[in-house]
Amino acid sequence: MIASVPSGKGIEGLFGTRDENMRLIELALHVTTRLANGSIEIEGEREAVLRAGQICEDYFALIHEGMVFQNADLNSLLRVVTADPEVTLRALANSGKQRTFGRKVLTPKSVTQRRYLEAIERNDLVFGLGPAGTGKTYLAVAMAVQALIAKKVSRIILTRPAVEAGEKLGFLPGTLQEKIDPYLRPLYDALHDMLEPEKVEKLLERHAIEIAPLAFMRGRTLSDSFIILDEAQNTTVEQMKMVLTRQGFNSKTVVTGDLTQIDLPGGRRSGLLDAVDVLRNVEGISFVHFDEKDVVRHSLVQKIVRAYEKYNEKAGQQLSLKLLEPPTKSPVGEPRDTA
């Protein structure tokens, strides 16, 4: 089937840098496209052609209505739309209206990101679970900054466990703060993206923003606060229970983590994994699950996450088959231990 969609203002943006956006549509929907006589001709299977045509029509209509797409944002939206036949570009763009977080203006780049922001607005405890690059921590910090600026809370508490991710860092010189800063750097980076550096420093001096390792939370009651526990997969069961019970009046807590990247020593059970099992049916707590489709870093990151997931699934299947194999027999008919 061949269909034709009239092109219009913003055609360059639809195609993207080196035609990456249109290539994405072609590869995802298995269609071919070409420009001809002021129109985009789309060729392929009927359903795929109709889907691609609807995406192009939605794009030109939104541009005509005054919507402005940054190329990276449009590429992220197209990835979601081409992967989920129930989502339209118009619905996704309209539901992901721009929000202002300090000096940063952001638009949710996936349906899950939008659900995550809405969950944080509605609930006092939210778990954001999923792979790296999905915006879990960044959006949580953005919501915290927004709440602080709007005076909905009086302080932001950012914390994460100080666990080495496979590296042996050895003795770190300097003050206690200098020793723990490397573990907390991603939180500083997100803050400086939202606020002017001078304002961040003033808020830190006034303790309106506090960034500290998890051990510093013990024994405290955190009222009128926006609390973010990052890298929560590396908390122990005891640490997770401790931080969740710090929450006081007029406070929100957002817990973020990736259950595929647990770095706890000695095979200890992750506090995040335990919390998911224990709290899944508690009213007032929201769990938002991200996957590789929500990755908003370089497009290669999405492919890397998917490749690791497939590899781990295959390795798990092979291990299960090996465990089911009967023991081999020795020459005299006795079972031989093959371990």
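If you read the sequence from its start, that first residue is 1, and numbering goes on from there.
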Novice: With rounding to the nearest 0.5 Å, note down the distance linking CD in Q146 to CG in L139.
Specialist: 11.0 Å

Novice: When you measure from the side chain of N234 to the backbone N and O of P161, does any donor-acceptor pair fall under 3.5 Å?
Specialist: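 Checked: no pair found.
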
Novice: Does V237 share a hydrophobic cluster with M240, counting links as ILVMFWY side-chain heavy atoms below 4.5 Å and allowing steps through other members?
Specialist: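 V237 and M240: separate clusters.
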
Novice: Is there side-chain contact between V282 and L125, with heavy atoms separated by less than 4.5 Å?
Specialist: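 Sidechains of L125 and V282: no contact.
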
Novice: For the CG atom of D274 and the NZ atom of K241, what is their distance to the nearest 0.5 Å?
Specialist: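 The distance works out to 10.0 Å.
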
Novice: Quick one: does any side-chain atom of R23 pair with a main-chain N or O of R18 as donor and acceptor, under 3.5 Å?
Specialist: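 Yes; judged by distance alone, with no hydrogens or angles, the pair exists.
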
Novice: Check whether Q247 reaches the backbone of D124 with its side chain - one donor and one acceptor, N or O, closer than 3.5 Å.
Specialist: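 It does hold such a pair.
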
Novice: My understanding is that only one of L279, T235, L229 makes a side-chain contact (heavy atoms from CB on, under 4.5 Å) with L244; could you say which?
Specialist: L279

Novice: Atom OH of Y188 and atom CD1 of I209: how far apart are they, to the nearest 0.5 Å?
Specialist: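 One finds 10.0 Å between OH of Y188 and CD1 of I209.
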
Novice: Between E210 and R220, what is the shortest heavy-atom contact and its length?
Specialist: OE2-NH1, 2.7 Å

Novice: Locate the shortest heavy-atom distance separating A140 from Y116; write the atom from each residue and the value.
Specialist: CB-OH, 3.7 Å

Novice: Please test L158 against L191 for side chain to side chain contact (heavy atoms under 4.5 Å, CB included), starting from the C-alpha separation and ending with a verdict.
Specialist: CA-CA 10 Å; L158 306 174; L191 273 177; 3.8 Å; yes

Novice: I'd like to know whether CZ of R269 has more than 12 heavy-atom contacts from other residues, nucleotides or ligands below 6.0 angstrom.
Specialist: yes

Novice: Report the C-alpha distance between L203 and L148 in whole Å, list the side-chain angles of each, state the deciding distance to 0.1 Å, and finish with yes or no for side chain to side chain contact (heavy atoms under 4.5 Å, CB included).
Specialist: CA-CA 10 Å; L203 291 170; L148 184 66; 4.1 Å; yes

Novice: Check whether L27 and L77 end up in the same hydrophobic cluster, where Ile, Leu, Val, Met, Phe, Trp and Tyr are linked by side-chain heavy atoms less than 4.5 Å apart.
Specialist: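 Looking at the clustering, L77 is in a separate group from L27.
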
Novice: Has the side chain of S270 got a donor or acceptor atom that lies under 3.5 Å from a matching backbone atom of Q233?
Specialist: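 Confirmed, S270 side chain pairs with Q233 backbone.
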
Novice: Which atom names give the shortest non-hydrogen contact between L272 and D258, and what distance separates them?
Specialist: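 Heavy atoms only, the tightest pair is CD2-N, 4.4 Å.
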
Novice: Determine, stepwise, if the pair N21 / Y59 fulfils side chain to side chain contact (heavy atoms under 4.5 Å, CB included).
Specialist: CA-CA 12 Å; N21 293 337; Y59 171 81; over 6 Å; no

Novice: Looking only at atom types and distance, does a side-chain atom of K252 sit under 3.5 Å from a main-chain N or O of N123, one as donor and one as acceptor?
Specialist: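 It does hold such a pair.
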
Novice: Do E121 and M143 come within less than 4.5 Å of each other through their side chains, counting heavy atoms only?
Specialist: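 Contact flag for E121/M143 side chains = yes.
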
Novice: Just by modelled atom types, is the L214 backbone N or O under 3.5 Å from a matching donor or acceptor in the T159 side chain?
Specialist: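 Looks like yes, one N/O pair under 3.5 Å.
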
Novice: In terms of side-chain heavy atoms, does Q54 have a donor or acceptor partner in T88 at a distance below 3.5 Å?
Specialist: no

Novice: Which heavy-atom pair separates I25 from I55 by the least distance, and what is that distance?
Specialist: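 For I25 versus I55, the nearest heavy atoms are CD1-CG2, 4.2 Å.
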
Novice: May I ask whether F249 and I156 are part of the same hydrophobic cluster, defined by side-chain heavy atoms of I, L, V, M, F, W, Y residues being less than 4.5 angstrom apart, directly or through others?
Specialist: no

Novice: How long is the gap from CG on L195 to NZ on K202, to the nearest 0.5 Å?
Specialist: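 Taking CG in L195 and NZ in K202, the distance rounds to 12.5 Å.
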
Novice: What is the minimum heavy-atom distance between R51 and V81, and which atoms define it?
Specialist: NH2-O, 2.6 Å

Novice: Indicate yes or no for a side-chain donor-acceptor contact from T134 to the backbone of A132 under 3.5 Å, with no hydrogens or angles considered.
Specialist: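 Side chain of T134 to backbone of A132: no pair is present.
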
Novice: Would Y138 and M194 satisfy side chain to side chain contact (heavy atoms under 4.5 Å, CB included), going step by step from the backbone distance to the final call?
Specialist: CA-CA 10 Å; Y138 192 83; M194 307 289 167; 3.4 Å; yes

Novice: Quick one: pull up CG in L74 and CD in E20 and give me the separation to the nearest 0.5 Å.
Specialist: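 If I round to the nearest 0.5 Å, the distance is 9.0 Å.
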
Novice: Do the side chains of V49 and R46 get nearer than 4.5 Å, heavy atoms only?
Specialist: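 The answer is no, as the side chains (C-beta and beyond) never meet within the 4.5 Å cut-off.
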
Novice: CG/L24 to CG/D19 distance, rounded to the nearest 0.5 angstrom?
Specialist: 12.0 Å

Novice: So do the side chains of I157 and T253 get within less than 4.5 Å of each other, counting heavy atoms only?
Specialist: no

Novice: Is there a donor-acceptor pair closer than 3.5 Å between any side-chain N or O of T112 and the backbone N or O of F290?
Specialist: no

Novice: Determine yes or no for a side-chain-to-main-chain donor-acceptor pair under 3.5 angstrom, with S251 supplying the side chain and L222 the backbone.
Specialist: yes

Novice: Which word best sums up how the rings of F287 and F127 line up, parallel for under 30°, tilted for 30 to 60°, or perpendicular for over 60°?
Specialist: parallel

Novice: At their closest point, which heavy atom of N250 faces which heavy atom of K152, and how far apart are they?
Specialist: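 Heavy-atom minimum between the residues: ND2-O, 3.2 Å.
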
Novice: Just wondering, more than 12 heavy atoms not from E238 lying within 6.0 Å of its CD?
Specialist: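 Enclosed: over 12 neighbouring heavy atoms sit under 6.0 Å from CD of E238.
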
